[in-house]
Asker: 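This is the structure I want to talk about, given as structure tokens.
Position 1 is the first residue of the sequence, and the numbers go up from there. All heavy atoms count here, side chains included; hydrogens, waters and symmetry mates do not.
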Amino acid sequence: MLDERKLEVLRAIVEDYVATQEPVGSKALADRHNLGVSPATIRNDMAVLEEEGYITQPHTSAGRVPTDKGYRLFVDRLTTVKPLSAAERRAIQTFLDGAVDLDDVVNRTVRLLAQLTQQVAIVQYPSLTRSTVRHIELLHLPANRILMVVITNTGRVEQLEQRTVEVTDQVDDDLLANLRSRLNSTLVGKRLTEAPQLIAKVPEQFPPEERGAIAGVLSTLLDALVEHQDERFALGGTANLARFGQDFKHSIRPVLEALEEQVVLLKLLGEATDTTQLTVRIGHENPYENLSSTSLVAVGYGPKDEVIAKLGVVGPTRMDYPGTMGAVRAVARYVGKIVAGA
């Protein structure tokens, strides 16, 4: 176990390296930080940190830089999440409150996260595996058509599907009202993943002579749910990586290629916590070799403490962890309030 002084030395090395992009030496630490010891003592502490694998010496430089292990200790024990200023919080709220639908919320969130953190932002659309039905509406249209709207529990931006159903058999107002009532009593509050098996039992609630008339509506409803099972992501700010070219072993190309793969994004965010607690995965902790020089900061979002999707940022391991963690957490809380209709 490292003593408090060595932990403070490690904190100072991480902070200076993130700020300057230059390897950090003992004299610089003594000059810039009030560590209360001489450069010689700092050199001894740095030697211990290097021996333990928390810092390393790049090339022939006299300075040291943090390793993945050093960043991990910094995040786990030394980081205080940086709170956003009142102006930043107001700007986030104003920007996100202007969204008109779910796509707009996700796209605004991606742009906002990328701008706040200067990293690559990833936002997952609310997952149907976690969403529940809030209401189903069926309305008559001219020419023997029915408008079907399915609304999920993600509030005022959550419309899952709006479709027009052409029915061959006449569905009168009473039958449509009965079907609407039975669908809502059967599905409201249920997860969308449970809906198909529940819908399959709905015809049993109607006399045989009415089942043919409602079959088209139920079939369209099932199709809508099945088509939306795929996870969807929005990605933004990839150009930000160009500012950190020297932070990647060879080039940023492998990183960009990895981030273009849907399965990579799914795995990155899928392994993040299913709670509103931040997940920070550093360097080689990432599941893909092409992302071994990056870090992920991610968190779940949703109404209240319920997680219906995740969002986060990817950037070089030489990242402002306190600021990035604060921005990701704050944005997730605002998005959660929006999808809850608050």
Side-chain angles (χ1 to χ4, degrees), residues 1-88 114-120 240-252 255 278 280-285 292-297 313-330:
M1 295 294 292
L2 299 177
D3 59 38
E4 287 301 317
R5 190 182 69 222
K6 293 183 180 62
L7 289 174
E8 286 302 308
V9 171
L10 176 61
R11 184 206 301 272
I13 291 171
V14 171
E15 291 176 349
D16 279 12
Y17 182 57
V18 168
T20 67
Q21 305 180 32
E22 298 292 337
V24 183
S26 56
K27 185 176 185 305
L29 289 178
D31 291 342
R32 288 197 287 256
H33 299 270
N34 184 25
L35 297 173
V37 293
S38 67
T41 300
I42 294 175
R43 280 195 297 274
N44 290 335
D45 289 341
M46 292 175 70
V48 173
L49 290 170
E50 186 171 10
E51 183 179 349
E52 294 293 326
Y54 294 106
I55 59 175
T56 189
Q57 184 178 23
H59 311 299
T60 57
S61 169
R64 302 295 188 273
V65 300
T67 63
D68 289 356
K69 183 179 179 181
Y71 284 125
R72 169 49 61 194
L73 185 60
F74 174 79
V75 168
D76 288 348
R77 294 191 55 187
L78 303 176
T79 293
T80 300
V81 176
K82 180 183 177 182
L84 272 64
S85 67
E88 288 173 322
Q115 182 177 354
L116 286 174
T117 65
Q118 294 299 295
Q119 313 289 357
V120 179
N240 287 329
L241 291 181
R243 300 186 302 109
F244 302 101
Q246 71 276 14
D247 287 278
F248 303 105
K249 292 179 181 178
H250 304 294
S251 72
I252 65 173
V255 177
L278 284 165
V280 181
R281 193 179 295 116
I282 298 168
H284 287 87
E285 297 171 0
S292 62
S293 57
T294 69
S295 289
L296 167 77
V297 179
V313 299
V314 174
T317 54
R318 187 185 61 81
M319 146 186 319
D320 173 16
Y321 289 97
T324 300
M325 292 163 69
V328 169
R329 186 175 65 180

Asker: Below 4.5 Å, heavy atoms only, C-beta onward: do Q119 and N240 meet side chain to side chain?
Answerer: no
Asker: Is there a donor-acceptor contact under 3.5 Å from the side chain of R243 to the main chain of Q118?
Answerer: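 Here the side-chain-to-backbone pair exists.
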Asker: Whether the side chain of R318 engages the backbone of V18 through a donor-acceptor N/O pair (distance < 3.5 Å, no angle test) should be reported.
Answerer: yes
Asker: Taking 4.0 angstrom as the limit, do E52 and K6 come out as a salt bridge?
Answerer: no
Asker: Does any non-hydrogen side-chain atom of H33 lie less than 4.5 Å from one of E8?
Answerer: no
Asker: Given L73 and L2, is the side chain to side chain contact (heavy atoms under 4.5 Å, CB included) satisfied, shown in steps?
Answerer: CA-CA 10 Å; L73 185 60; L2 299 177; 3.8 Å; yes
Asker: Does the D16 side chain pair with the main chain of V24, one donor and one acceptor, at a distance under 3.5 Å?
Answerer: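 Side chain of D16 to backbone of V24, a donor-acceptor pair under 3.5 Å: no, none is there.
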Asker: Answer yes or no: is there a donor N or O on one side and an acceptor on the other, between the side chain of R72 and the main chain of V280, under 3.5 Å?
Answerer: yes
Asker: Check step by step if side chain to side chain contact (heavy atoms under 4.5 Å, CB included) holds for L241 and V314.
Answerer: CA-CA 9 Å; L241 291 181; V314 174; 5.8 Å; no
Asker: So, does T67 use its side chain to make a donor-acceptor pair with the main chain of G53 at under 3.5 Å?
Answerer: yes
Asker: How far does CG of L116 sit from CD of E88, to the nearest 0.5 angstrom?
Answerer: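 Nearest 0.5 Å value for the CG-CD distance: 6.5 Å.
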Asker: Which distance, rounded to the nearest 0.5 Å, do you find between the NZ of K82 and the CZ of R329?
Answerer: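 Answer rounded to 0.5 Å: 13.0 Å.
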Asker: Mind checking whether P322 and T80 have side chains closer than 4.5 Å, heavy atoms only?
Answerer: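 Side-chain contact under 4.5 Å: no.
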Asker: Looking only at atom types and distance, does a side-chain atom of R11 sit under 3.5 Å from a main-chain N or O of L78, one as donor and one as acceptor?
Answerer: yes
Asker: Rounded to the nearest 0.5 Å, what separation is found between the CD1 atom of I55 and the CG atom of D45?
Answerer: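 Answer rounded to 0.5 Å: 9.5 Å.
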Asker: Just one of N44, I42, V9 clears the side chain to side chain contact (heavy atoms under 4.5 Å, CB included) bar with V37, so which one?
Answerer: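 The option that passes is I42.
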Asker: Taking atom NZ of K69 as the centre, report whether more than 12 heavy atoms of other residues, nucleotides or ligands fall under 6.0 Å from it.
Answerer: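 Count over threshold, so yes.
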Asker: Tell me, yes or no, whether the heavy-atom count around Q115 atom CD, taken from other residues, nucleotides or ligands under 6.0 Å, exceeds 12.
Answerer: no
Asker: Return yes if some donor-acceptor pair links the side-chain N/O of T317 with the main-chain N/O of S295 below 3.5 Å, else return no.
Answerer: no
Asker: Any side-chain heavy atom of Y17 within less than 4.5 Å of one from P66?
Answerer: yes
Asker: Taking the side chain as every heavy atom from C-beta outward, state whether I13 and Y54 have any pair of such atoms under 4.5 Å apart.
Answerer: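 Sidechains of Y54 and I13: no contact.
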Asker: Return yes when atom CG of N34 has more than 12 non-hydrogen atoms of other residues, nucleotides or ligands closer than 6.0 Å, and no otherwise.
Answerer: no
Asker: Between R64 and L49, is a side chain to side chain contact (heavy atoms under 4.5 Å, CB included) present by the stated rule, with each step listed?
Answerer: CA-CA 10 Å; R64 302 295 188 273; L49 290 170; over 6 Å; no
